[in-house]
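Structure, as structure tokens:
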Amino acid sequence: MKCPFCSYEESKVIDSRPTDEGEKIRRRRECLRCNKRFTTYEMIETLPIIVVKRDKNRQTFDRSKLLAGIDRACYKRPIPAEDREKIVNDIEQALQSSLDREVSSARIGEMVMDRLRALDEVAYVRFASVYRQFRDINTFMDELNRLIRDKDNKS
């Protein structure tokens, strides 16, 4: 590991501990030349997930884009950042666990909506309005009515 201060390539590990529920390992290192300390993180290298968009374009899964979409849906809602981050982590883990290296954006959108529906109805409707591209007030009302029916059926 190259020292960020002097670029020397030899260092020793001083401390090592798991972080992010065991997903990463945090290591404190000390440079053998300048004796300065720095932190590194190790994580399992995963195969890239390719997202197939509606227009059939393909791009690499980007968790920051997913989080940004969820953040927009949760704007001014009482949903902690940890809960939004957990949604992204859960979805990314589910995608990594599947044997499919390509996944449709529609599948990811449905996964987000399922989790938002259980977390906050307003955030769910906001996300659904963009994801499902509501064309007019009638399609929006149809989705609201479906949400109300589902809620009544659970009661």
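Throughout, residue positions are numbered sequentially from 1 according to the sequence presented.
- Side-chain atoms of Q96 come within 3.5 Å of backbone atoms of L47 as a donor-acceptor pair (strictly under, hydrogens ignored).
- Remark: side-chain polar atoms of R33 are not paired, donor with acceptor, to backbone N or O of C3 under 3.5 angstrom.
- In this structure, R37 contributes its side chain and R28 its backbone to no donor-acceptor pair below 3.5 Å.
- Side-chain atoms of E143 and Y124, non-hydrogen and from C-beta on, do get closer than 4.5 Å to each other.
- The CG atom of L147 sits 11.0 Å away from the CE atom of M113 when rounded to the nearest 0.5 Å.
- There is no path of hydrophobic side-chain contacts, each under 4.5 Å, that joins L32 to I14.
- Side-chain contact check for L66 versus I70: some heavy-atom pair is nearer than 4.5 Å.
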### Task
Would you sort out whether I25 and S16 count as a side-chain contact (heavy atoms from CB on, under 4.5 Å), showing the intermediate values?
CA-CA 7 Å; I25 296 177; S16 201; 3.4 Å; yes
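- Under the salt bridge (charged side-chain N to carboxylate O under 4.0 Å, His left out) rule, E42 has a single partner from K24, R26, R27, which is R27.
- The CG atom of N153 sits 12.0 Å away from atom CD1 of I148, with the distance rounded to the nearest 0.5 Å.
- Cluster annotation: F127 and I137 are assigned to the same hydrophobic cluster (Ile/Leu/Val/Met/Phe/Trp/Tyr, side-chain heavy-atom contacts under 4.5 Å, transitive).
- Within the model, atoms CG of D83 and CZ of R115 stand 13.0 Å from one another, a figure rounded to the nearest 0.5 Å.
- In plain terms, the two heavy atoms of F38 and M1 that are nearest each other are CE1-CG, 3.7 Å.
- Across every non-hydrogen atom of S11 and C31, the tightest pair is CB-CA, 4.2 Å.
- For the pair M111/V103, no side-chain contact is recorded, criterion being any heavy-atom separation below 4.5 Å from C-beta on.
- Taken together through direct or relayed side-chain contacts under 4.5 Å among Ile, Leu, Val, Met, Phe, Trp and Tyr, L116 and L67 form part of one hydrophobic cluster.
- The two atoms that bring R84 and I79 nearest to each other are NH1-O, 2.5 Å, heavy atoms only.
- The environment of R54 atom CZ is dense: over 12 non-hydrogen atoms of other residues, nucleotides or ligands sit within 6.0 angstrom.
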### Message
Working note: K151 + E121, criterion side-chain contact (heavy atoms from CB on, under 4.5 Å); need CA distance, chi angles, decisive distance, verdict.
### Response
CA-CA 10 Å; K151 191 173 182 178; E121 292 171 345; 3.2 Å; yes
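- Taking a cutoff of 4.0 Å between a charged side-chain nitrogen and a carboxylate oxygen, R117 and E110 do not qualify as a salt bridge.
- Residues L144 and L119 share a single hydrophobic cluster, defined by chaining ILVMFWY side chains whose heavy atoms lie under 4.5 Å apart.
- For D152 and R149, the salt-bridge test fails: no basic side-chain N is under 4.0 Å from an acidic carboxylate O.
- The NZ atom of K12 sits 12.5 Å away from atom CZ of R29, with the distance rounded to the nearest 0.5 Å.
- Counting heavy atoms from C-beta outward, K86 and D90 have side chains that approach closer than 4.5 Å.
- Here the side chain of D100 pairs no donor or acceptor atom with the backbone of E102 at under 3.5 angstrom.
- At least one side-chain heavy atom of R126 sits less than 4.5 Å from a side-chain heavy atom of V122.
- Within the 4.5 Å cutoff, the side chain of R101 has no heavy atoms near those of the I50 side chain.
- Counting heavy atoms from C-beta outward, I49 and S98 have side chains that stay 4.5 Å or more apart.
- Here R146 does not pair with D150 in a salt bridge; the nearest charged N to carboxylate O distance is not below 4.0 Å.
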### Task
Apply side-chain contact (heavy atoms from CB on, under 4.5 Å) to I108 and F61, showing your working.
CA-CA 10 Å; I108 294 172; F61 175 78; 4.1 Å; yes
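- I91 is not listed as a side-chain neighbour of R63, based on a closest heavy-atom distance of 4.5 Å or more.
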